[in-house]
Amino acid sequence: MHKPIKYVEKAVTVTANVAWQVFERLNRINPNPSFTPKWSDKPLLKSWEKSKPPLGWPRKTDSLCPKCVPELRKEVLDGKKDVSVLLNEKIGEIKADIIERDGKILMVKECPIHGKFEDLMSIDPAFSQHLEDVFPGRDIRAHNDEKLHNHGSSTITHGRGSVLTIDLTNRCNMMCDPCFMDANQVGFVHELNWEEIKTMLDNAISIKPRRQMSVQFSGGEPTLSPYFLDAVRYARKVGYNSVQAATNGIEFAKSTEFCKQAAEAGLRYAYLQFDGIGNEANSHRLVGNLFDVKLKAITNLHNAGVDIVPVITIINGINNEQVGAVIRFALDNPKIISFLSFQPVSFTGRDEEVTPERRAAQRYTLSHLAHDVKNQVGLGEPVRDWFPISFMSTFSDWADLVHGPNADWGQLSCGCHPNCGIGMALMIDKETKEAKPVTGFLNADRLAKDIAKVNDAARSKFWSVVGVSLALLRNYQPFNAPTHFRLLDLLQKFDKCFGATGRNYGKVTGDRTMDDIEKRRRDRWNFLFIAGMWFQDLFNYDFRRTEQCIIPYATQEGEISFCAYNTGVGWRNIIEKMHMTATLTKWYEEHGRHEIFAGNKKVNMADANHKLKLNAEDVARGKQHDLDDVGIAKNAREEKIRARDEKLKDAAKNAQMEKLYREHILKQPKPEGGFVPLDALGGIKPAAPKADKEVGSFGD
């Protein structure tokens with residue numbers, strides 16, 4: 001039975017709907033022109049001014065040949081071609097068709113040298129169509145950026161990103177499969193010095209539009225860099241409110257003091273590698289107690305005031321059954337976990353040479369994720385509750401409007417291609433743990449269209465706030481909301497996200513304190529955002545996605561799209577070698593070897609105590625065995641072992657055939673000790689011309 005307040009709220013929503021009709025009619029009269037904010041040299045875009053790449057299917061796009069690119073990249077690395085070919089030539093580029101066939105969306109392409117390639121984009125065309133239908137369009141074109149964005153066909157052209165990624169080092173204390181950057185395997189160390197780190201952070205805020213970005217320090221393992229804490233501190237100093245570390249958590253699990261130092265330096269988020277629930281579910285990373293490490297790292301970081309984002313690389317047949325377990329983990333710990341980032345596997349780095357058989361078996365798409373969440377947890381309707389991450393840019397546009405032309409920074413705007421990232425928001429009661437999709441009680445599609453109308457009119461801050469308040473109220477469905485959720489909670493949550501009214505919910509700026517952190521955490525409602533971010537590989541590469549990348553890498557050669565850096569033409573391989581710090585041998589001589597956890601070695605921690613609630617059934621489930629049952633390799637290492645074994649089998653088979661050939665065709669007697677392989681003698685030679693004495697070709 002519904003609480004009486006729900007009926008009152010329903011009456012408010014009906015009234016708000018009537019008021020909106022009046023407001024919207026008046027709002028259409030003589031709209032104001034868009035202003036040009038301090039952080040851009042171009043005016044804010046009206047909704048109809050936003051461009052879109054070609055969408056729908058069938059459609060054509062520009063892609064890459066998975067065979068040509070590694071060959072051409074090697075020529076650059078070997079010095080046979082100059083790096084300028086990446087800027088001036090369309091290296092390895094081919095056309096691709098995105099089509100629907102047999103209820104799936106596929107990318108199909110053909111290289112004149114290496115033939116046809118085909119890969120899966122989606123298992124649900126209706127879901128993919130929905131994502132493209134609600135895509136609001138691209139961000140302001142980047143400008144004043146020529147020094148940082150100059151990478152040929154891979155150049156970022158729209159927006160200026162949301163998360164600036166800086167790899168502090170390519171050293172790592174693990175040996176994972178998969179690994180974007182093939183850590184510990186390239187034979188040299190690439191590690192940024194202090195001046196390079198500062199330059200990259202300074203450069204990132206010099207171009208326009210100057211949007212408020214997050215900065216994520218990555219690697220390798222960023223905590224191995226001697227400048228990790230200094231980099232966090234400097235990023236906060238120059239204006240980045242959200243400073244993050246993409247980490248495996250080992251150093252944070254080992255030391256509470258290190259967690260405290262990171263928090264005091266300004267670390268706000270730890271993007272924590274997190275493949276599943278239980279040590280068995282993480283065993284493919286080959287660290288004996290890796291899940292215990294994760295739990296300890298989460299506890300230490302949260303106690304220090306750092307928020308944790310578990311990052312789950314999802315591989316079909318390896319850990320796709322863990323989707324539900326990870327979400328249940330978040331639902332059971334709503335006071336600690338407020339964001340999950342699922343990342344479908346990208347076959348790059350160590351996996352670039354994946355066999356077609358394993359690629360087909362392990363391919364996992366964003367559409368898989370939406371259906372797995374529904375099937376494994378019973379939450380979310382794919383078409384109703386999932387939206388492209390770029391859907392939020394309409395809300396960011398409104399925040400830019402109300403913050404006015406004199407704001408130093410634009411709002412965080414995730415304007416990526418609709419095929420790149422998706423999200424679903426759950427509203428969780430931290431006290432009762434009741435959870436419901438936000439879009440189950442808020443008509444998000446109509447709300448975004450309403451807010452776009454408010455943005456297009458470009459009224460004063462007061463009227464823009466009034467307009468969005470009415471839009472929120474009229475699209476709210478109180479009877480579908482969580483039991484104790486109130487209309488006021490909705491308005492406060494929106495204000496807390498975008499800071500429109502100036503009310504203090506706890507500061508997030510560089511001078512925030514532990515009191516600010518605790519104040520934000522006291523909110524009864526956890527807005528749990530479940531995101532899916534699908535990075536490209538050479539088999540599904542689309543330059544239309546690269547052009548509007550929101551996760552640029554800052555490098556010594558400018559800012560490069562995440563996918564163009566880690567895959568694509570492979571800028572990472574080239575830039576790291578161009579700016580190599582030292583060979584491994586020289587590095588070890590000068591610095592010694594850092595500890596690497598592999599071969600099921602355990603991490604030594606002071607204790608394994610934690611404050612997380614665990615689902616015993618999920619912990620006991622253990623590892624997934626789908627690929628064992630069908631005999632498919634699970635990773636690049638297994639593929640290499642199998643390829644070696646096949647080569648040995650072929651060699652043994654050839655030796656046996658050679659033996660039979662000699663015995664039965666050439667009629668040669670078996671020599672003592674067995675036959676010498678023919679290839680050791682250069683093969684069977686033709687008979688020499690007859691001279692005074694006849695000489696046979698072999699065995700005289």
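Here the structure is a predicted model, which means the values were calculated and not measured.
A salt bridge between Glu89 and Lys81 is absent, with no side-chain N of the basic residue lying under 4.0 Å from a carboxylate O of the acidic one. Under the 4.0 Å criterion applied to side-chain N and carboxylate O atoms, Lys67 and Glu71 are not assigned as salt-bridge partners. One finds a salt bridge joining Arg544 and Asp62 here, because a Lys/Arg side-chain nitrogen approaches an Asp/Glu carboxylate oxygen to under 4.0 Å. Arg642 has no carboxylate O lying under 4.0 Å from a charged side-chain N of Glu639, or vice versa, which leaves the two without a salt bridge. A salt bridge does not link Lys109 to Asp542: none of the charged side-chain nitrogens sits closer than 4.0 Å to a carboxylate oxygen. Comment: Arg572 engages Asp167 in a salt bridge, judged by a side-chain N to carboxylate O separation of less than 4.0 angstrom. We find that Lys601 and Glu595 are joined by a salt bridge, their nearest charged nitrogen and carboxylate oxygen being less than 4.0 Å apart.
The CZ atom of Arg59 sits 4.5 Å away from atom CD of Glu132, with the distance rounded to the nearest 0.5 Å. Separating the CD atom in Glu357 from the CG atom in Leu627 is a distance of 9.5 Å, to the nearest 0.5 Å.
In this structure, His368 and Ile314 have side chains that are not in contact, with every pair of non-hydrogen atoms separated by 4.5 Å or more.
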Glu557 and His579: CA distance, side-chain angles, deciding distance, side chain to side chain donor-acceptor pair (under 3.5 Å) verdict: CA-CA 10 Å; Glu557 299 295 321; His579 297 276; 2.8 Å; yes
Working for salt bridge (charged side-chain N to carboxylate O under 4.0 Å, His left out), residues Lys634 and Asp628: CA-CA 8 Å; Lys634 293 186 282 295; Asp628 294 333; 2.8 Å; yes
Verdict with reasoning, Thr365 to Ser367, per side chain to side chain donor-acceptor pair (under 3.5 Å): CA-CA 5 Å; Thr365 70; Ser367 57; 2.6 Å; yes
Arg73/Glu352 under salt bridge (charged side-chain N to carboxylate O under 4.0 Å, His left out): CA gap, chis, key distance, verdict: CA-CA 13 Å; Arg73 185 193 309 140; Glu352 188 173 69; 2.9 Å; yes
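A perpendicular orientation is assigned to the rings of Phe217 and Phe228, their planes being inclined by more than 60° (bins at 30° and 60°).
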